[in-house]
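A short worksheet on the structure shown next.
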Amino acid sequence: MQEKADPRETRLRERLETIRARSAKSSSWRTSTQVLSRLVNRNGFVPVRTRLSREDLAFLAGAREEVIAFADLGVRLLDLHRPLESGGITSDPDRPIRRCRACMSRWPCPTFRTISETLDP
């Protein structure tokens with residue numbers, strides 16, 4: 001028998017998938033920003049003339065808030081998943097065994113490793 005999904009998890013998962021899909025459909029500005037950065041005027045602005053698709057506009061409309069929310073999420077996860085000296089006996093007193101404060105997995109815990117792998121490629 002399969003466990004019933006928590007509706008909160010389902011809602012959050014759907015929101016994340018929507019953000020992922022909207023981001024994937026929009027155009028990357030990575031190469032454009034290199035050219036645009038050379039066009040900054042005296043006032044610190046770049047006059048931009050471009051064609052934007054509906055997908056680009058949908059992405060840009062919520063990108064700032066979504067990035068802030070993801071950064072807040074990352075910081076909160078890092079605050080939760082921090083090392084804690086486990087106090088156990090170890091053969092190397094200079095490197096004591098540590099565990100995660102939140103999940104009690106050996107440090108670095110899977111959550112911390114996932115964040116680190118994602119943000120430090």
- prompt: For atom CZ of R101, is the number of surrounding heavy atoms from other residues, nucleotides or ligands below 6.0 Å larger than 12?
  reply: yes
pair [X]-[Y]: side-chain heavy atoms closer than 4.5 Å:
X    : Y    : value
L84  : W107 : no
F112 : P110 : no
R106 : R99  : yes
P108 : S116 : no
W29  : L36  : yes

query: Got a sec, which residues hit side chain to side chain donor-acceptor pair (under 3.5 Å) with R8, two or more places apart in sequence or on another chain?
result: D6
Partners meeting side chain to side chain donor-acceptor pair (under 3.5 Å) with R13 (sequence neighbours left out): E9
Treat each ILVMFWY residue as a node, draw an edge where side-chain heavy atoms are under 4.5 Å apart, and state whether [X] and [Y] are in one component.
X   : Y   : result
V67 : L73 : no
L16 : I68 : no
V48 : V40 : yes

Under 3.5 Å, sequence neighbours excluded: what are the donor-acceptor pairs made by side chains of residues 75-83?
| unit_1 | atom_1 | unit_2 | atom_2 | d |
| --- | --- | --- | --- | --- |
| R82 | NE | D79 | O | 3.4 |

Side-chain donor/acceptor pairs under 3.5 Å, residues 56-66, sequence neighbours excluded:
| unit_1 | atom_1 | unit_2 | atom_2 | d |
| --- | --- | --- | --- | --- |
| D56 | OD1 | S27 | N | 2.6 |
| D56 | OD1 | S27 | OG | 3.3 |
| D56 | OD2 | S27 | OG | 3.4 |
| D56 | OD2 | S53 | N | 3.3 |
| D56 | OD2 | S53 | OG | 3.3 |
| E66 | OE1 | R22 | NH2 | 3.3 |
| E66 | OE2 | R22 | NH2 | 2.2 |

message: Let me confirm one number: the OG-CZ distance from S105 to R113, rounded to the nearest 0.5 Å.
response: 8.0 Å
Any pair counted as side chain to side chain donor-acceptor pair (under 3.5 Å), so long as it reaches residues 31-51, sequence neighbours left out: none
task: Go through the structure and list residues passing salt bridge (Lys or Arg N to Asp or Glu O under 4.0 Å) with R20, not counting sequence neighbours.
output: E17
